[in-house]
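Comments concern the structure below.
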2 protein chains.
Amino acid sequence: MDRRQSIVDAARQSFSLYGYKATTMDHVAKIANVGKGTIYTFFSSKEELFEVIVQELIRNVKSLAMNALDPKKAFFENLHRALFAVLEYRQEEEILLRLTREVRDFGTPAATEGLKRIEEAILGFIKRQLELGMENGSILKCDAELVAFMIFKTYVALLLEWNHEERALTNEDIAMAFQRVFAEGLNP
Amino acid sequence: MDRRQSIVDAARQSFSLYGYKATTMDHVAKIANVGKGTIYTFFSSKEELFEVIVQELIRNVKSLAMNALDPKKAFFENLHRALFAVLEYRQEEEILLRLTREVRDFGTPAATEGLKRIEEAILGFIKRQLELGMENGSILKCDAELVAFMIFKTYVALLLEWNHEERALTNEDIAMAFQRVFAEGLNP
DNA sequence: ACTTGACCGTATTCGTCATTTGGTCAATTT
DNA sequence: AAATTGACCAAATGACGAATACGGTCAAGT
């Protein structure tokens, strides 16, 4: 295994366990079994190393979303499937949990920026699906950028902010609400 | 003017300027021109004093929402008018800005709880409007609690989190998006 | 009877010094 | 000659203890 990959793997591990701020380059070097200065032959800074990890996460998210789509299913069902897959990944991927907590607790600039980039990738995916949906007649014409934002924020709020203990939301609850509100609308 | 009201007014002023945490009872006493011990003849604790201010804010929010409704306008236009009024108030009322910032920066428990109570009052208003709308046939049957949550979270995200400098959102943009997505739906 | 502000235990803040960190580069290794 | 290392450095961060502040209390004063 080459050194660059060892360093990237070590960094991913450390960011996952300790977050961005508490990850030291000394520690990354030790995990990777290289001298600290060797890191700087591949990456100009801690931030650039983190950027590589963020790019990785973005690729994973996009891949997950694409793989959740099933050509035989309806537009909104697919959108729900993709979003659910992505947000489920976000709930399980250790490094994302870590970074989310760090941003919430400390507002670390690099972590904040990294998570923002990932969110933008998700929004971009939704926007493209909306545009495709309009082209092939699956949905009516709308402002794709704005609607993507609305859908995403609502979805995230449902998954992360809905806190009624007597009434937990199931995956089906969310899919149905999604269909009811965004697909069908509330007008008689 | 009675002492109790002086104390409440002084507290509102101090919470507005310094937030919950940095507001001291000594300072409130000085603004109100009373001895510190006098505060405790009316309120058993700092939290109880804060609670009175929160109740006030909730009353204001409810009143604003109700006053924005116009019987001659359509359901969603009214809902947008009420939400816009409430969130505009939230953007301008000094104490709410202060508390929001404090929760974001420090997560002060009392401030967090207070803002949550205000949010619940807004959600309650939306839910009631949805229920009334269903009763009089303005909207189709739906899960009022869940839909109120979705509408509110989307609205807040549009007002507070939409950050595209090349494309600021106007009141009309939001009203139209609201109508397009929640009222009409996206299905052909 | 009501009001006050000194007092108290606890919590918080602040200044200081010790330690750590990201990045550098001379020395060492390959 | 090229690649690697880890000691070093200035700046940043953290730990610690003393000083100060805070919410709540109540004896003294009005």
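Order of the sequence lines fixes the chain letters, A, B, ..., with proteins taken first and strands second; residue numbering starts at 1 for each chain.
Every residue meeting the salt bridge (Lys or Arg N to Asp or Glu O under 4.0 Å) condition with A:Glu161, not counting sequence neighbours, appears here in chain and number order: B:Lys153. Residues satisfying the side chain to side chain contact (heavy atoms under 4.5 Å, CB included) criterion with B:Leu169, sequence neighbours excluded, are A:Leu146, B:Leu158, B:Trp162, B:Asp173, B:Ile174. A search for salt bridge (Lys or Arg N to Asp or Glu O under 4.0 Å) contacts involving A:Lys141 returns nothing, not counting sequence neighbours. For A:Glu131, the salt bridge (Lys or Arg N to Asp or Glu O under 4.0 Å) criterion is met by no residue, not counting sequence neighbours. Residues satisfying the side chain to side chain contact (heavy atoms under 4.5 Å, CB included) criterion with A:Phe106, sequence neighbours excluded, are A:Glu102, A:Thr108. With sequence neighbours left out, A:Arg128 forms a salt bridge (Lys or Arg N to Asp or Glu O under 4.0 Å) with no residue at all. By the side chain to side chain contact (heavy atoms under 4.5 Å, CB included) test, B:Thr23 pairs with B:Ser14, B:Phe15, B:Tyr18, B:Val28, sequence neighbours left out.
A distance of 12.0 Å separates CZ in B:Arg4 from CD1 in B:Ile39, rounded to the nearest 0.5 Å.
Under a 4.5 Å side-chain heavy-atom cut-off, the cluster of Ile, Leu, Val, Met, Phe, Trp and Tyr residues that includes B:Ile31 has no other member.
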Check: When every nucleotide of nucleotides 24-30 of chain C is labelled 5' to 3' by its protein contacts under 4.0 Å (heavy atoms), B for base, S for sugar-phosphate only, - for none, what sequence of letters results?
Finding: BB-----

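Within residues 13-35 of chain A, the residues having any heavy atom closer than 4.0 Å to DNA chain D are, in order of number, A:Val34, A:Gly35.
A side-chain hydrogen bond (donor to acceptor under 3.5 Å, both in side chains) check over residues 29-46 of chain B, counting only residues at least two apart or in different chains, returns the pairs B:Ser44-B:Glu48.
In this structure, A:Leu49 atom CG and C:dG23 atom P are separated by 10 Å, rounded to whole Å.
Extent of DNA chain D lying under 4.0 Å from chain B heavy atoms, first and last nucleotide in 5' to 3' order, is D:dC22 to D:dC26.
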